[in-house]
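This report refers to the structure that appears directly beneath it.
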There are 2 protein chains.
Amino acid sequence: MAEDYVELIAELIESRGEARPVEIAERFGVKPPTVTKNISRLKAAGLVRREPYRAIFLTDAGRELAEACRRRHRIVVAFLLSLGIDEETAERDAEGIEHHVSTTTLEAFEHALLQSQSGK
Amino acid sequence: MAEDYVELIAELIESRGEARPVEIAERFGVKPPTVTKNISRLKAAGLVRREPYRAIFLTDAGRELAEACRRRHRIVVAFLLSLGIDEETAERDAEGIEHHVSTTTLEAFEHALLQSQSGK
DNA sequence: TAGATAAATTAGCCGTGTCTAACTTTTGAA
DNA sequence: TTCAAAAGTTAGACACGGCTAATTTATCTA
């Protein structure tokens with residue numbers, strides 16, 4: 001959960017300037033109270049900083065986690081695309097797959113990606 | 001959960017002749033009461049047939065699901081191995097990845113596998 | 001075959017992530 | 001500037017998947 005949330009929060013801050021519960025709820029297909037509860041868990045975990053009724057900010061730890069997740073996400077998506085999978089499926093499957101990819105496997109994806117690019 | 005269970009149950013029936021809660025608990029690193037509870041959920045879902053204190057059997061639906069899962073598992077593992085990932089990591093990661101692989105992606109894995117074999 | 005051991009179940013607890021209903025705070029428009 | 005709509009929160013419920021402790025059933029062995 002935490003990974004998906006910080007990833008999305010980082011995206012929203014970048015594109016919209018701030019992250020709001022209502023947007024998070026829409027993107028995850030979940031109701032607002034669920035977001036409230038999960039954000040407070042993130043806060044308890046030290047990933048997020050926030051006051052009630054205000055926008056959500058990432059702590060340094062949150063920002064670092066978000067960056068790592070986004071990088072991994074990009075690699076997994078690019079790898080799936082390199083196999084000829086369509087963008088929509090690649091995005092959807094990556095969302096699930098990325099949380100189960102070890103460092104070893106992620107590196108193998110990167111390596112395969114380089115091969116496919118050189119031999120494109 | 002259901003997928004992992006029927007997959008293992010099918011394996012146990014093949015190798016041991018029957019599937020017993022104690023074996024399932026060991027393989028999943030979980031305590032026996034957890035297995036009891038999950039088996040009864042599987043039964044409620046029509047995937048498993050069984051009487052208390054007896055071995056566990058798959059229904060037709062359970063057998064079909066198990067077969068599909070095992071096939072998918074084999075493909076994912078083989079694909080990871082083809083990327084040069086070590087067996088232990090391939091097995092471990094496949095366990096997590098396989099549940100998030102769409103039919104499209106599975107086919108792409110199979111296709112890539114064929115390519116790597118012909119060009120091995 | 002009786003009794004000890006192993007296997008399985010039941011009862012009851014916990015954390016996670018979801019929901020609805022009801023309430024509060026913020027905001028924006030008349 | 002007020003007040004209605006939108007956004008957010010709180011309270012309380014539920015399913016899932018895990019646990020421990022206690023009990024029951026099955027199995028094996030002396």
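As the structure is a computational prediction, the values presented were derived from the model and not from experiment. So you know, we letter chains A, B, ... as the sequences are listed, proteins then strands, and number each from 1.
A salt bridge does not link A:E11 with A:R16: every distance from a Lys NZ or Arg NE/NH1/NH2 to an Asp or Glu carboxylate oxygen is 4.0 Å or more. The pair A:E3-A:R72 counts as a salt bridge, with a side-chain nitrogen and a carboxylate oxygen less than 4.0 angstrom apart.
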Nucleotides 2-6 of chain C: which of its N/O atoms have a protein N/O under 3.5 Å away?
none

List every contact pair, protein side and nucleotides 17-24 of chain C side both N or O, where the distance is under 3.5 Å.
{"unit_1": "C:dG17", "atom_1": "N7", "unit_2": "A:R41", "atom_2": "NH2", "d": "3.3"}
{"unit_1": "C:dT18", "atom_1": "OP2", "unit_2": "A:N38", "atom_2": "ND2", "d": "3.1"}
{"unit_1": "C:dT18", "atom_1": "O4", "unit_2": "A:K37", "atom_2": "NZ", "d": "2.7"}
{"unit_1": "C:dC19", "atom_1": "OP2", "unit_2": "A:K31", "atom_2": "N", "d": "2.8"}
{"unit_1": "C:dC19", "atom_1": "OP2", "unit_2": "A:T34", "atom_2": "OG1", "d": "2.8"}

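Rounded to the nearest 0.5 Å, atoms CD (B:E95) and CD (B:E7) are 6.0 Å apart.
Counting heavy atoms from C-beta outward, B:E110 and B:L114 have side chains that stay 4.5 Å or more apart. With contacts defined as side-chain heavy-atom distances shorter than 4.5 Å, the pair B:V30/B:N38 does not qualify. For the pair B:L12/B:I24, a side-chain contact is recorded, criterion being any heavy-atom separation below 4.5 Å from C-beta on.
Sorted by first and then second residue, the ring-ring contact (aromatic ring centres under 6.0 Å, His included) pairs with a member in residues 12-49 of chain A read A:Y5-A:F28; sequence neighbours excluded. Counting only residues at least two apart or in different chains, salt bridge (Lys or Arg N to Asp or Glu O under 4.0 Å) contacts with residues 46-66 of chain A comprise A:D60-A:R63.
In this structure, CD of A:E3 is placed 15 Å from P of C:dT16, rounded to the nearest angstrom.
Nearer to the 5' terminus of DNA chain C, by closest-nucleotide assignment, is the contact made by B:R20 (compared with the other of B:R20 and A:R20).
Summarising the geometry of B:R70 relative to B:A10, their closest heavy-atom pair is NH1-CB, 3.8 Å, with the distance given to 0.1 Å.
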Which pairs of donor and acceptor atoms, one on a side chain in residues 74-87 of chain B, lie under 3.5 Å apart (sequence neighbours left out)?
{"unit_1": "B:S82", "atom_1": "OG", "unit_2": "B:F79", "atom_2": "O", "d": "2.6"}
{"unit_1": "B:D86", "atom_1": "OD1", "unit_2": "B:T89", "atom_2": "OG1", "d": "2.7"}
{"unit_1": "B:D86", "atom_1": "OD2", "unit_2": "B:E88", "atom_2": "N", "d": "3.4"}
{"unit_1": "B:D86", "atom_1": "OD2", "unit_2": "B:T89", "atom_2": "N", "d": "3.0"}
{"unit_1": "B:D86", "atom_1": "OD2", "unit_2": "B:T89", "atom_2": "OG1", "d": "3.0"}

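Reading DNA chain D from its 5' end, the first and the last nucleotide to sit under 4.0 Å from a heavy atom of chain A are D:dG8 to D:dA13.
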